[in-house]
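Down below is the structure, laid out as structure tokens.
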Amino acid sequence: MSILIAGGGIAGLVMGLTLHQLGQPFRIFERVAEPKPLGVGINLQPNAVRELFDLGLEVQLDQVGIRTRQYGFYTKSGREIWVEPRGRVAGYNWPQLSLHRGKFQILLLEELRARAGDCVETGAAVAGFETSDHGAALLLTDGRRVEGELAIAGDGIHSAIRRRCHMKANQSGTVPSCGAAPARRRISWVAMRCF
């Protein structure tokens, strides 16, 4: 059985690259039919960059990003208000990278497809999930039920999985939390995104 990932954004794609590196079978289900490089500039902190470098993405990241040396605030006439070193200049073993979020996501998608082949199903929106003694299943909006060993929620801020977890938590009167839930020697649910 494979690992099911809801969402082909940055979290889902990095998880896919990690699972591929570990030799674990997986499938990613992304609601958008054709991913495009949308978004704005973001900064990847050194600890995140370390993980991406471990995935063998250093050269590709340098092609779409800039190694940030410092962060600062300046007056409109250019006078320095406050400046702080970043990345390697600040003493980290890895750089901080500034890049365009959309270009980063497309880089991850192309790299994952080059390494793992046809592992991302686009136009496949996740509506919810189910768990059982045998694993987990993603429920897609087209009516399909896809079974796997575990399901990972990487479907963003408007996550259908997160919404269902909050509804269940509110109905039971418990406080929701993110993490892993063991179920007879396997993980039945993992949340990638916590708010």
Near [X] [atom1], under 6.0 Å, is it more than 12 heavy atoms from other residues, nucleotides or ligands?
X: Arg86; atom1: CZ; answer: yes
X: Ile42; atom1: CD1; answer: yes
X: Arg50; atom1: CZ; answer: yes
X: Tyr92; atom1: OH; answer: no

Looking at every heavy atom in both [X] and [Y], which two are closest together, and how far apart are they?
X: Tyr74; Y: Ile81; result: C-CD1, 3.7 Å
X: Asp155; Y: Ile161; result: OD2-N, 3.8 Å
X: Thr122; Y: Pro35; result: CG2-CD, 3.9 Å
X: Leu108; Y: Leu57; result: CD2-CD1, 3.8 Å
X: Ile157; Y: Arg162; result: O-NH1, 3.2 Å
X: Leu112; Y: Val120; result: CD2-CG2, 3.9 Å

Dump the intermediate steps for side chain to side chain contact (heavy atoms under 4.5 Å, CB included) on Leu17 and Arg115, then the final yes or no. CA-CA 8 Å; Leu17 285 164; Arg115 293 181 187 188; 3.9 Å; yes

Could you pull out all residues at least two apart from Glu110 that satisfy salt bridge (charged side-chain N to carboxylate O under 4.0 Å, His left out)? none

Test Arg145 against every option in Leu139, Leu140, Leu138 by the side-chain contact (heavy atoms from CB on, under 4.5 Å) rule and name the one that passes. Leu139

Atom pair [atom1]/[atom2] of [X] and [Y] - distance to nearest 0.5 Å:
X: Thr75; Y: Glu80; atom1: OG1; atom2: CD; answer: 10.0 Å
X: Ile66; Y: Leu61; atom1: CD1; atom2: CG; answer: 13.0 Å
X: Gln105; Y: His100; atom1: CD; atom2: NE2; answer: 10.5 Å
X: Leu13; Y: His20; atom1: CG; atom2: NE2; answer: 13.5 Å
X: Leu4; Y: Arg27; atom1: CG; atom2: CZ; answer: 9.5 Å
X: Thr68; Y: Leu97; atom1: OG1; atom2: CG; answer: 6.5 Å

Applying side chain to side chain contact (heavy atoms under 4.5 Å, CB included) to Leu19 and Ile5, what does each step give before you reach the verdict? CA-CA 11 Å; Leu19 292 170; Ile5 301 172; 3.9 Å; yes

Determine, step by step, whether Asn93 and Phe53 satisfy the side chain to side chain contact (heavy atoms under 4.5 Å, CB included) criterion, reporting the C-alpha distance in whole Å, the side-chain angles of both residues, the deciding distance to 0.1 Å, and the verdict. CA-CA 11 Å; Asn93 293 327; Phe53 281 12; over 6 Å; no

Less than 4.5 Å apart, side chain to side chain, heavy atoms only: is that true for Leu99 and Leu107? no

I want to check something: taking the side chain as every heavy atom from C-beta on, are Val59 and Gln63 in contact at a cut-off of under 4.5 Å? yes

Tell me every residue that passes side-chain hydrogen bond (donor to acceptor under 3.5 Å, both in side chains) with Glu58, counting only those two or more places apart in sequence or in another chain. Arg67

Is there a donor-acceptor pair closer than 3.5 Å between any side-chain N or O of Gln96 and the backbone N or O of Ala90? no

For the pair Glu30 (side chain) and Val32 (backbone), establish whether a donor and an acceptor sit closer than 3.5 Å, ignoring hydrogens and angles. yes

Quick one: do Phe104 and Leu44 satisfy side chain to side chain contact (heavy atoms under 4.5 Å, CB included)? Show the steps, please. CA-CA 10 Å; Phe104 177 44; Leu44 301 177; 3.9 Å; yes

Consider only side-chain heavy atoms of I, L, V, M, F, W and Y, link residues closer than 4.5 Å, and tell whether Tyr71 and Trp94 are in one cluster. no

